[in-house]
2 protein chains.
Amino acid sequence: MYADKPFTSDTAAIINVCIIEDDEVIRRGYISLLQSDEGFFTSGAYAAAEEALKHLEEDQPDVILLDIQLPGIKGVDALPAIKKILPHVQIIMLTVHETEDLIFTALKNGASGYLTKNTPFSKIKDHIREVVKGGGAMSAGIAMQVMRHFQKNLNTPLTKRETEILECIADGKSRSKIAAQLFIDLETVKSHIKNIYHKLDVNSRDEAIKVARKDRYI
Amino acid sequence: MYADKPFTSDTAAIINVCIIEDDEVIRRGYISLLQSDEGFFTSGAYAAAEEALKHLEEDQPDVILLDIQLPGIKGVDALPAIKKILPHVQIIMLTVHETEDLIFTALKNGASGYLTKNTPFSKIKDHIREVVKGGGAMSAGIAMQVMRHFQKNLNTPLTKRETEILECIADGKSRSKIAAQLFIDLETVKSHIKNIYHKLDVNSRDEAIKVARKDRYI
DNA sequence: AATGAATCCCCCGTAAAGGGGGATTATTTG
DNA sequence: CAAATAATCCCCCTTTACGGGGGATTCATT
(Lines give C-alpha, C1' and ligand atoms only; values in the text may rest on other atoms or scores of the structure.)
Protein backbone atom coordinates (compact mmCIF):
# COMPACT_ATOMS: atom_id res chain seq x y z
CA MET A 1 0.00 0.00 0.00
CA TYR A 2 2.79 2.41 0.73
CA ALA A 3 5.35 3.51 -1.82
CA ASP A 4 8.76 4.80 -0.87
CA LYS A 5 7.65 8.37 -1.44
CA PRO A 6 3.91 8.55 -0.91
CA PHE A 7 2.01 11.25 -2.79
CA THR A 8 -0.71 11.71 -0.22
CA SER A 9 -0.30 13.18 3.24
CA ASP A 10 -2.01 10.43 5.22
CA THR A 11 -1.21 10.54 8.89
CA ALA A 12 0.68 7.30 8.48
CA ALA A 13 2.51 8.40 5.35
CA ILE A 14 6.17 9.22 5.24
CA ILE A 15 6.85 12.96 5.17
CA ASN A 16 9.17 14.09 2.45
CA VAL A 17 11.47 16.82 3.75
CA CYS A 18 13.93 19.09 1.99
CA ILE A 19 16.63 21.05 3.78
CA ILE A 20 18.12 24.36 2.66
CA GLU A 21 20.84 25.33 5.12
CA ASP A 22 24.33 26.63 4.44
CA ASP A 23 25.98 25.40 7.65
CA GLU A 24 27.25 21.95 6.78
CA VAL A 25 27.25 20.71 10.37
CA ILE A 26 23.64 21.66 10.96
CA ARG A 27 22.58 20.38 7.55
CA ARG A 28 24.23 17.00 8.14
CA GLY A 29 22.75 16.91 11.61
CA TYR A 30 19.22 17.44 10.32
CA ILE A 31 19.68 14.79 7.61
CA SER A 32 20.98 12.30 10.10
CA LEU A 33 18.23 12.94 12.61
CA LEU A 34 15.53 12.72 9.95
CA GLN A 35 16.95 9.52 8.51
CA SER A 36 16.88 7.88 11.91
CA ASP A 37 13.12 8.44 12.03
CA GLU A 38 11.13 6.21 9.72
CA GLY A 39 8.35 8.83 9.56
CA PHE A 40 10.53 11.08 7.45
CA PHE A 41 12.33 10.90 4.14
CA THR A 42 14.95 13.45 3.15
CA SER A 43 14.57 14.10 -0.57
CA GLY A 44 17.16 16.82 -0.77
CA ALA A 45 19.60 18.94 1.19
CA TYR A 46 21.21 22.06 -0.21
CA ALA A 47 23.58 24.75 0.98
CA ALA A 48 22.07 27.51 -1.14
CA ALA A 49 18.65 28.53 -2.41
CA GLU A 50 19.89 28.80 -5.99
CA GLU A 51 20.94 25.16 -5.94
CA ALA A 52 17.76 23.99 -4.25
CA LEU A 53 15.55 25.70 -6.83
CA LYS A 54 17.05 23.51 -9.56
CA HIS A 55 16.12 20.30 -7.80
CA LEU A 56 12.85 21.03 -5.99
CA GLU A 57 10.66 20.01 -8.90
CA GLU A 58 12.31 16.62 -8.88
CA ASP A 59 12.44 16.28 -5.08
CA GLN A 60 8.74 17.07 -4.56
CA PRO A 61 9.06 17.64 -0.81
CA ASP A 62 6.05 17.99 1.47
CA VAL A 63 7.94 20.31 3.77
CA ILE A 64 11.03 22.48 3.32
CA LEU A 65 13.22 23.56 6.20
CA LEU A 66 14.62 26.88 5.06
CA ASP A 67 17.40 28.77 6.79
CA ILE A 68 16.72 32.49 6.84
CA GLN A 69 20.37 33.57 6.75
CA LEU A 70 21.72 32.12 3.53
CA PRO A 71 24.58 33.38 1.37
CA GLY A 72 23.39 34.64 -2.01
CA ILE A 73 19.60 34.68 -2.20
CA LYS A 74 18.28 35.12 1.33
CA GLY A 75 15.73 32.69 2.69
CA VAL A 76 12.87 35.19 2.75
CA ASP A 77 13.55 36.18 -0.85
CA ALA A 78 13.67 32.56 -1.95
CA LEU A 79 10.17 31.95 -0.59
CA PRO A 80 8.20 33.32 -3.55
CA ALA A 81 10.42 31.46 -6.02
CA ILE A 82 9.93 28.20 -4.16
CA LYS A 83 6.17 28.73 -3.94
CA LYS A 84 6.10 29.31 -7.68
CA ILE A 85 7.66 25.91 -8.32
CA LEU A 86 5.77 24.06 -5.59
CA PRO A 87 2.66 26.05 -4.68
CA HIS A 88 1.49 23.60 -2.05
CA VAL A 89 4.73 22.92 -0.24
CA GLN A 90 4.87 23.85 3.43
CA ILE A 91 7.88 25.95 4.33
CA ILE A 92 9.28 26.27 7.83
CA MET A 93 11.78 29.07 8.35
CA LEU A 94 14.70 28.47 10.67
CA THR A 95 16.46 31.38 12.30
CA VAL A 96 18.87 32.36 15.02
CA HIS A 97 17.71 35.95 15.29
CA GLU A 98 14.10 36.84 15.99
CA THR A 99 14.22 39.96 13.83
CA GLU A 100 10.76 41.45 13.58
CA ASP A 101 10.94 42.54 9.96
CA LEU A 102 12.15 39.18 8.71
CA ILE A 103 9.40 37.37 10.59
CA PHE A 104 6.65 39.38 8.99
CA THR A 105 8.23 39.37 5.55
CA ALA A 106 8.45 35.58 5.76
CA LEU A 107 4.85 35.25 6.89
CA LYS A 108 3.64 37.55 4.10
CA ASN A 109 5.57 35.48 1.58
CA GLY A 110 3.79 32.34 2.61
CA ALA A 111 5.87 30.58 5.25
CA SER A 112 3.95 28.00 7.28
CA GLY A 113 6.20 28.28 10.27
CA TYR A 114 9.00 30.14 11.90
CA LEU A 115 11.27 28.36 14.37
CA THR A 116 14.41 29.37 16.21
CA LYS A 117 17.38 27.08 15.67
CA ASN A 118 17.71 26.30 19.36
CA THR A 119 14.46 24.35 19.11
CA PRO A 120 15.12 20.71 20.09
CA PHE A 121 14.94 18.51 17.00
CA SER A 122 12.17 16.40 18.49
CA LYS A 123 10.08 19.60 18.60
CA ILE A 124 11.06 20.46 15.04
CA LYS A 125 9.75 17.05 13.99
CA ASP A 126 6.51 17.74 15.87
CA HIS A 127 6.18 21.03 14.04
CA ILE A 128 6.84 19.38 10.67
CA ARG A 129 4.02 16.94 11.39
CA GLU A 130 1.75 19.83 12.35
CA VAL A 131 2.32 21.83 9.19
CA VAL A 132 1.69 18.75 7.06
CA LYS A 133 -1.68 18.51 8.80
CA GLY A 134 -2.35 22.12 7.86
CA GLY A 135 -1.28 23.74 11.10
CA GLY A 136 1.24 26.45 11.80
CA ALA A 137 4.57 26.26 13.58
CA MET A 138 5.91 29.00 15.78
CA SER A 139 8.52 29.16 18.50
CA ALA A 140 7.44 30.90 21.69
CA GLY A 141 9.63 33.92 21.02
CA ILE A 142 8.28 34.32 17.51
CA ALA A 143 4.72 33.85 18.71
CA MET A 144 5.26 36.64 21.23
CA GLN A 145 6.53 39.01 18.56
CA VAL A 146 3.55 38.23 16.39
CA MET A 147 1.11 38.70 19.24
CA ARG A 148 2.66 41.99 20.27
CA HIS A 149 1.85 43.24 16.82
CA PHE A 150 -1.81 42.84 17.51
CA GLN A 151 -1.92 44.30 20.98
CA LYS A 152 -3.24 47.80 21.41
CA ASN A 153 -1.51 50.36 23.58
CA LEU A 154 -3.75 50.97 26.57
CA ASN A 155 -1.94 54.24 27.34
CA THR A 156 -3.42 56.02 24.36
CA PRO A 157 -3.89 59.77 24.68
CA LEU A 158 -6.96 59.43 22.48
CA THR A 159 -10.52 59.10 23.71
CA LYS A 160 -12.76 56.24 22.67
CA ARG A 161 -14.47 58.30 20.00
CA GLU A 162 -11.21 59.69 18.68
CA THR A 163 -9.77 56.18 18.41
CA GLU A 164 -12.88 55.07 16.59
CA ILE A 165 -12.56 57.92 14.11
CA LEU A 166 -8.85 57.36 13.66
CA GLU A 167 -9.57 53.74 12.79
CA CYS A 168 -11.98 54.95 10.13
CA ILE A 169 -9.29 57.26 8.78
CA ALA A 170 -6.89 54.29 8.68
CA ASP A 171 -9.53 52.53 6.56
CA GLY A 172 -9.33 55.40 4.09
CA LYS A 173 -12.81 56.74 4.86
CA SER A 174 -13.60 60.36 4.11
CA ARG A 175 -14.90 62.67 6.82
CA SER A 176 -18.40 62.57 5.40
CA LYS A 177 -18.43 58.78 5.28
CA ILE A 178 -17.24 58.63 8.87
CA ALA A 179 -20.02 61.01 9.84
CA ALA A 180 -22.63 58.85 8.11
CA GLN A 181 -21.25 55.66 9.63
CA LEU A 182 -21.21 57.00 13.19
CA PHE A 183 -24.51 58.90 12.81
CA ILE A 184 -22.93 62.21 13.74
CA ASP A 185 -22.52 65.50 11.96
CA LEU A 186 -19.67 66.21 9.57
CA GLU A 187 -18.67 69.11 11.81
CA THR A 188 -18.31 66.77 14.75
CA VAL A 189 -16.00 64.54 12.78
CA LYS A 190 -13.95 67.57 11.83
CA SER A 191 -13.64 68.59 15.46
CA HIS A 192 -12.52 65.13 16.50
CA ILE A 193 -9.93 64.98 13.73
CA LYS A 194 -8.58 68.38 14.75
CA ASN A 195 -8.23 67.12 18.31
CA ILE A 196 -6.57 63.91 17.13
CA TYR A 197 -4.05 65.88 15.07
CA HIS A 198 -3.22 68.11 18.03
CA LYS A 199 -2.77 65.17 20.36
CA LEU A 200 -0.56 63.25 17.94
CA ASP A 201 1.22 66.42 16.83
CA VAL A 202 0.56 65.84 13.14
CA ASN A 203 -1.31 67.68 10.42
CA SER A 204 -2.34 65.10 7.88
CA ARG A 205 -4.12 61.77 7.65
CA ASP A 206 -1.08 59.77 6.67
CA GLU A 207 1.02 61.14 9.51
CA ALA A 208 -1.75 60.41 11.99
CA ILE A 209 -2.00 56.82 10.72
CA LYS A 210 1.76 56.42 10.89
CA VAL A 211 2.03 57.62 14.48
CA ALA A 212 -1.06 55.71 15.57
CA ARG A 213 0.25 52.47 14.08
CA LYS A 214 3.72 52.97 15.50
CA ASP A 215 2.40 53.58 19.00
CA ARG A 216 -0.37 51.00 18.54
CA TYR A 217 -3.21 53.39 19.32
CA ILE A 218 -5.17 51.59 16.63
CA MET B 1 15.56 30.42 49.81
CA TYR B 2 12.19 29.63 48.28
CA ALA B 3 8.91 30.83 49.73
CA ASP B 4 5.62 29.08 49.08
CA LYS B 5 4.60 31.72 46.57
CA PRO B 6 7.73 33.34 45.19
CA PHE B 7 7.42 36.88 43.86
CA THR B 8 10.08 36.55 41.19
CA SER B 9 9.83 34.50 38.05
CA ASP B 10 13.14 32.65 38.36
CA THR B 11 13.29 29.60 36.18
CA ALA B 12 13.32 27.49 39.33
CA ALA B 13 10.46 29.40 40.97
CA ILE B 14 7.01 27.98 41.41
CA ILE B 15 4.54 29.38 38.88
CA ASN B 16 1.34 30.71 40.36
CA VAL B 17 -1.61 29.79 38.15
CA CYS B 18 -5.23 30.85 38.23
CA ILE B 19 -8.00 29.02 36.37
CA ILE B 20 -11.19 30.56 35.02
CA GLU B 21 -13.29 27.80 33.47
CA ASP B 22 -16.98 27.11 33.87
CA ASP B 23 -16.88 23.37 33.20
CA GLU B 24 -16.40 21.83 36.62
CA VAL B 25 -14.83 18.64 35.31
CA ILE B 26 -12.19 20.45 33.27
CA ARG B 27 -11.56 22.92 36.07
CA ARG B 28 -11.02 20.16 38.63
CA GLY B 29 -8.88 18.31 36.13
CA TYR B 30 -6.59 21.28 35.62
CA ILE B 31 -6.31 21.88 39.38
CA SER B 32 -5.46 18.26 40.00
CA LEU B 33 -2.89 18.10 37.23
CA LEU B 34 -1.25 21.33 38.35
CA GLN B 35 -1.15 20.25 41.98
CA SER B 36 0.61 17.04 41.06
CA ASP B 37 3.45 19.11 39.59
CA GLU B 38 5.63 20.84 42.13
CA GLY B 39 6.54 23.51 39.59
CA PHE B 40 3.04 24.99 39.80
CA PHE B 41 0.81 26.44 42.48
CA THR B 42 -2.90 26.98 41.91
CA SER B 43 -3.86 30.20 43.65
CA GLY B 44 -7.43 30.25 42.46
CA ALA B 45 -10.01 28.50 40.31
CA TYR B 46 -13.29 30.10 39.30
CA ALA B 47 -16.29 29.20 37.21
CA ALA B 48 -17.01 32.77 36.09
CA ALA B 49 -15.06 35.89 35.24
CA GLU B 50 -17.14 38.04 37.61
CA GLU B 51 -16.13 35.85 40.53
CA ALA B 52 -12.47 35.69 39.49
CA LEU B 53 -12.21 39.49 39.26
CA LYS B 54 -13.01 39.76 42.98
CA HIS B 55 -10.16 37.51 44.00
CA LEU B 56 -7.39 38.15 41.48
CA GLU B 57 -5.81 40.96 43.48
CA GLU B 58 -5.43 38.59 46.39
CA ASP B 59 -4.39 35.58 44.30
CA GLN B 60 -1.62 37.42 42.42
CA PRO B 61 -1.23 34.74 39.74
CA ASP B 62 1.66 34.75 37.27
CA VAL B 63 -0.49 33.12 34.64
CA ILE B 64 -4.25 32.86 34.13
CA LEU B 65 -5.85 30.07 32.12
CA LEU B 66 -8.99 31.68 30.74
CA ASP B 67 -11.79 29.83 29.01
CA ILE B 68 -13.10 31.78 26.05
CA GLN B 69 -16.67 30.49 26.26
CA LEU B 70 -17.87 31.54 29.69
CA PRO B 71 -21.42 32.22 30.84
CA GLY B 72 -21.96 35.89 31.72
CA ILE B 73 -18.93 37.99 30.83
CA LYS B 74 -17.16 36.24 27.97
CA GLY B 75 -13.47 35.45 28.24
CA VAL B 76 -12.39 37.96 25.60
CA ASP B 77 -14.38 40.72 27.29
CA ALA B 78 -12.92 39.86 30.68
CA LEU B 79 -9.39 40.36 29.37
CA PRO B 80 -9.23 44.16 29.69
CA ALA B 81 -10.74 44.04 33.18
CA ILE B 82 -8.19 41.47 34.30
CA LYS B 83 -5.32 43.44 32.77
CA LYS B 84 -6.52 46.51 34.67
CA ILE B 85 -6.24 44.69 38.00
CA LEU B 86 -3.05 42.80 37.16
CA PRO B 87 -1.28 44.58 34.29
CA HIS B 88 1.63 42.15 34.16
CA VAL B 89 -0.23 38.87 34.38
CA GLN B 90 0.13 36.51 31.44
CA ILE B 91 -3.19 35.24 30.14
CA ILE B 92 -3.59 32.09 28.09
CA MET B 93 -6.93 31.67 26.35
CA LEU B 94 -8.43 28.19 26.11
CA THR B 95 -10.93 27.37 23.41
CA VAL B 96 -12.70 24.58 21.61
CA HIS B 97 -13.49 26.58 18.50
CA GLU B 98 -10.80 28.28 16.46
CA THR B 99 -13.05 31.20 15.55
CA GLU B 100 -11.04 33.80 13.71
CA ASP B 101 -12.70 36.86 15.17
CA LEU B 102 -12.30 35.69 18.74
CA ILE B 103 -8.64 34.90 18.22
CA PHE B 104 -7.83 38.38 17.00
CA THR B 105 -10.01 40.10 19.56
CA ALA B 106 -8.21 38.16 22.28
CA LEU B 107 -4.80 39.01 20.88
CA LYS B 108 -5.70 42.71 20.61
CA ASN B 109 -6.89 42.67 24.21
CA GLY B 110 -3.55 41.43 25.41
CA ALA B 111 -3.67 37.65 25.61
CA SER B 112 -0.24 35.96 25.76
CA GLY B 113 -1.46 32.74 24.29
CA TYR B 114 -4.28 30.94 22.61
CA LEU B 115 -4.60 27.17 22.97
CA THR B 116 -7.20 24.66 21.91
CA LYS B 117 -8.61 22.53 24.70
CA ASN B 118 -7.55 19.30 23.08
CA THR B 119 -3.95 20.27 23.80
CA PRO B 120 -2.36 17.61 26.06
CA PHE B 121 -1.89 19.00 29.54
CA SER B 122 1.85 18.38 29.44
CA LYS B 123 1.95 20.77 26.48
CA ILE B 124 -0.21 23.27 28.32
CA LYS B 125 2.33 23.22 31.14
CA ASP B 126 5.13 23.78 28.61
CA HIS B 127 3.23 26.76 27.25
CA ILE B 128 2.67 28.18 30.73
CA ARG B 129 6.40 28.01 31.35
CA GLU B 130 7.04 29.73 28.02
CA VAL B 131 4.74 32.66 28.66
CA VAL B 132 6.29 33.17 32.12
CA LYS B 133 9.61 33.50 30.32
CA GLY B 134 8.07 36.15 28.08
CA GLY B 135 7.20 33.93 25.15
CA GLY B 136 3.94 33.35 23.37
CA ALA B 137 1.77 30.25 23.27
CA MET B 138 -0.14 29.13 20.23
CA SER B 139 -1.66 25.87 19.10
CA ALA B 140 -0.83 24.84 15.55
CA GLY B 141 -4.35 25.54 14.31
CA ILE B 142 -4.35 29.01 15.84
CA ALA B 143 -0.87 29.72 14.51
CA MET B 144 -2.09 28.81 11.04
CA GLN B 145 -5.04 31.19 11.28
CA VAL B 146 -2.75 33.97 12.44
CA MET B 147 -0.25 33.31 9.68
CA ARG B 148 -2.92 33.21 7.03
CA HIS B 149 -3.82 36.75 8.04
CA PHE B 150 -0.40 37.90 6.98
CA GLN B 151 -0.14 36.01 3.73
CA LYS B 152 -0.67 37.89 0.54
CA ASN B 153 -2.84 36.58 -2.25
CA LEU B 154 -0.52 35.68 -5.11
CA ASN B 155 -3.44 35.71 -7.57
CA THR B 156 -3.80 39.45 -7.44
CA PRO B 157 -5.13 41.13 -10.57
CA LEU B 158 -2.94 44.11 -9.74
CA THR B 159 0.52 44.74 -11.12
CA LYS B 160 3.52 45.31 -8.90
CA ARG B 161 3.30 49.06 -9.24
CA GLU B 162 -0.43 49.11 -8.66
CA THR B 163 -0.02 47.04 -5.51
CA GLU B 164 2.68 49.40 -4.34
CA ILE B 165 0.42 52.39 -4.89
CA LEU B 166 -2.55 50.70 -3.25
CA GLU B 167 -0.40 50.07 -0.19
CA CYS B 168 0.38 53.77 -0.07
CA ILE B 169 -3.34 54.53 -0.30
CA ALA B 170 -3.94 52.14 2.58
CA ASP B 171 -1.40 54.19 4.53
CA GLY B 172 -3.55 57.26 3.95
CA LYS B 173 -1.10 58.94 1.61
CA SER B 174 -2.34 61.53 -0.86
CA ARG B 175 -1.69 61.15 -4.56
CA SER B 176 0.97 63.86 -4.51
CA LYS B 177 2.77 62.24 -1.58
CA ILE B 178 2.73 58.90 -3.37
CA ALA B 179 4.17 60.59 -6.45
CA ALA B 180 6.96 62.15 -4.40
CA GLN B 181 7.71 58.90 -2.61
CA LEU B 182 7.92 56.81 -5.79
CA PHE B 183 9.69 59.54 -7.79
CA ILE B 184 7.00 59.57 -10.46
CA ASP B 185 4.63 62.20 -11.74
CA LEU B 186 1.31 62.95 -10.10
CA GLU B 187 -0.39 62.09 -13.39
CA THR B 188 1.16 58.66 -13.36
CA VAL B 189 -0.19 58.03 -9.89
CA LYS B 190 -3.63 59.16 -11.06
CA SER B 191 -3.46 56.73 -13.98
CA HIS B 192 -2.49 53.85 -11.74
CA ILE B 193 -5.28 54.63 -9.29
CA LYS B 194 -7.81 54.76 -12.12
CA ASN B 195 -6.63 51.32 -13.27
CA ILE B 196 -6.76 49.96 -9.72
CA TYR B 197 -10.33 51.20 -9.32
CA HIS B 198 -11.37 49.57 -12.60
CA LYS B 199 -9.76 46.26 -11.70
CA LEU B 200 -11.28 46.17 -8.23
CA ASP B 201 -14.58 47.57 -9.48
CA VAL B 202 -14.67 50.40 -6.96
CA ASN B 203 -14.65 54.17 -7.14
CA SER B 204 -13.16 55.41 -3.92
CA ARG B 205 -10.13 54.96 -1.73
CA ASP B 206 -11.96 53.34 1.14
CA GLU B 207 -13.69 50.80 -1.10
CA ALA B 208 -10.38 49.93 -2.75
CA ILE B 209 -8.77 49.39 0.65
CA LYS B 210 -11.70 47.27 1.79
CA VAL B 211 -11.61 44.98 -1.24
CA ALA B 212 -7.83 44.77 -1.24
CA ARG B 213 -7.72 43.81 2.44
CA LYS B 214 -10.53 41.30 2.05
CA ASP B 215 -8.83 39.57 -0.88
CA ARG B 216 -5.38 40.11 0.65
CA TYR B 217 -3.96 41.95 -2.34
CA ILE B 218 -2.11 44.11 0.18
C1' DA C 1 -16.75 74.46 40.15
C1' DA C 2 -14.03 72.48 36.89
C1' DT C 3 -12.41 69.29 33.73
C1' DG C 4 -12.90 66.34 29.80
C1' DA C 5 -15.67 64.34 26.29
C1' DA C 6 -18.81 64.56 22.59
C1' DT C 7 -21.64 67.17 19.99
C1' DC C 8 -22.49 70.98 16.51
C1' DC C 9 -21.69 75.71 14.08
C1' DC C 10 -19.26 79.39 11.17
C1' DC C 11 -15.32 81.25 8.54
C1' DC C 12 -11.41 80.65 4.96
C1' DG C 13 -8.32 78.96 1.00
C1' DT C 14 -5.86 75.24 -1.12
C1' DA C 15 -5.51 70.84 -2.50
C1' DA C 16 -7.23 66.53 -3.52
C1' DA C 17 -10.29 63.29 -5.56
C1' DG C 18 -12.67 60.99 -9.23
C1' DG C 19 -13.83 60.49 -14.21
C1' DG C 20 -13.18 61.41 -19.16
C1' DG C 21 -10.14 61.35 -23.00
C1' DG C 22 -5.45 60.31 -24.88
C1' DA C 23 -0.08 59.24 -25.88
C1' DT C 24 4.53 57.24 -25.40
C1' DT C 25 7.86 54.00 -24.23
C1' DA C 26 9.75 49.44 -22.81
C1' DT C 27 9.16 44.72 -21.81
C1' DT C 28 7.07 40.49 -22.06
C1' DT C 29 4.91 36.98 -24.41
C1' DG C 30 2.65 34.25 -27.77
C1' DC D 1 7.72 39.51 -35.41
C1' DA D 2 3.34 41.27 -33.69
C1' DA D 3 0.46 41.84 -29.80
C1' DA D 4 -0.39 42.54 -25.28
C1' DT D 5 0.88 44.41 -20.91
C1' DA D 6 3.05 47.58 -17.82
C1' DA D 7 4.61 51.98 -16.61
C1' DT D 8 5.05 56.47 -17.68
C1' DC D 9 3.08 61.17 -18.67
C1' DC D 10 -0.40 64.76 -20.59
C1' DC D 11 -4.91 67.42 -21.04
C1' DC D 12 -9.71 68.27 -19.90
C1' DC D 13 -13.59 68.72 -16.33
C1' DT D 14 -16.50 69.20 -11.67
C1' DT D 15 -17.12 68.21 -7.01
C1' DT D 16 -15.64 67.29 -2.73
C1' DA D 17 -12.43 66.87 0.81
C1' DC D 18 -8.93 68.71 3.69
C1' DG D 19 -6.64 71.45 7.24
C1' DG D 20 -6.74 75.55 10.25
C1' DG D 21 -9.00 79.28 12.65
C1' DG D 22 -12.48 80.74 15.76
C1' DG D 23 -16.32 79.43 18.61
C1' DA D 24 -20.68 77.08 21.52
C1' DT D 25 -23.41 73.53 24.01
C1' DT D 26 -24.53 69.52 26.69
C1' DC D 27 -23.42 65.85 29.80
C1' DA D 28 -20.92 63.17 32.96
C1' DT D 29 -17.36 62.70 35.98
C1' DT D 30 -14.44 64.71 39.23
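Below, read A as the first sequence line, B as the second, and so on, with proteins coming before strands; counting in each chain starts at 1.
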Quiz item: Without hydrogens or angle criteria, can the side chains of B/H192 and B/E164 be said to hold a donor-acceptor pair below 3.5 Å?
Solution: no
Exercise. Go through the side-chain N and O atoms of B/K177 and A/S204 and say whether any donor and acceptor fall under 3.5 Å apart.
Key: yes
Self-check item: Nucleotide D/dC18, atom C1' - distance to CZ of A/R205 in whole Å
Solution: 8 Å
Quiz prompt | B/E100 versus B/H149, side-chain donor and acceptor atoms under 3.5 Å | solution = yes
Exercise. Ignoring backbone atoms, test whether A/T159 places a side-chain nitrogen or oxygen under 4.0 Å from the OP1 or OP2 oxygen of C/dG4.
Key: no
Quiz item: Whole Å only: how far is the CD atom of B/E207 from the P atom of C/dA17?
Solution: 15 Å
Quiz prompt | A/K210 atom NZ, neighbour heavy-atom count above 12 within 6.0 Å | solution = no
Exercise. Compare side-chain N and O positions of B/Y197 against OP1 and OP2 of C/dG18 and report whether any pair is under 4.0 Å apart.
Key: yes
Exercise. Provide, to the nearest angstrom, the distance between the CG atom belonging to B/N195 and the C1' atom belonging to D/dC9.
Key: 13 Å
Exercise. Using five pairs at either end of the helix from C/dA2-D/dT29 to C/dT28-D/dA3, determine the angle between the two local helix axes and round it to 10 degrees.
Key: 60°
Quiz item: Could you state the CG-P distance from A/D201 to D/dG20, rounded to the nearest angstrom?
Solution: 11 Å
Quiz item: Applying the side-chain contact (heavy atoms from CB on, under 4.5 Å) test to B/K199, which of B/T156, B/V211, B/T159, B/L166 qualifies?
Solution: B/T159
Quiz item: Quick one: A/D206 CG to D/dA17 P, roughly how many Å, whole number?
Solution: 19 Å
Quiz prompt | Any side-chain donor near an acceptor of the partner, B/D59 and B/Y46, under 3.5 Å | solution = yes
Quiz item: Is it the case that B/T99 and B/D101 place a side-chain donor and acceptor less than 3.5 Å from each other?
Solution: no
Practice problem: Using a cut-off of 6.0 Å, state whether more than 12 heavy atoms not belonging to B/K83 lie near its atom NZ. | Solution: yes
Self-check item: Shortest side-chain distance from B/H198, nucleotide among C/dA6, C/dG20, D/dG19
Solution: C/dG20
Quiz item: So which of residues 164-192 of chain B are in contact with DNA chain D, with a heavy-atom cut-off of under 4.0 Å?
Solution: B/I184, B/D185, B/E187, B/T188, B/K190, B/S191, B/H192
Quiz prompt | Whole angstrom value for the distance that separates C1' of D/dT5 from CZ of B/R161 | solution = 16 Å
Exercise. Quickly work out the B/K194 NZ to C/dA16 C1' distance and round it to whole Å.
Key: 14 Å
Exercise. Kindly say whether A/G44 contributes a backbone atom to a donor-acceptor pair with the side chain of A/T42 at under 3.5 angstrom?
Key: no
Practice problem: Let me know, please, whether B/L158 or A/N203 comes out on the 5' side of the other along DNA chain D by nearest nucleotide. | Solution: B/L158
Exercise. Using whole Å, report how far NZ of B/K160 lies from P of D/dA7.
Key: 9 Å
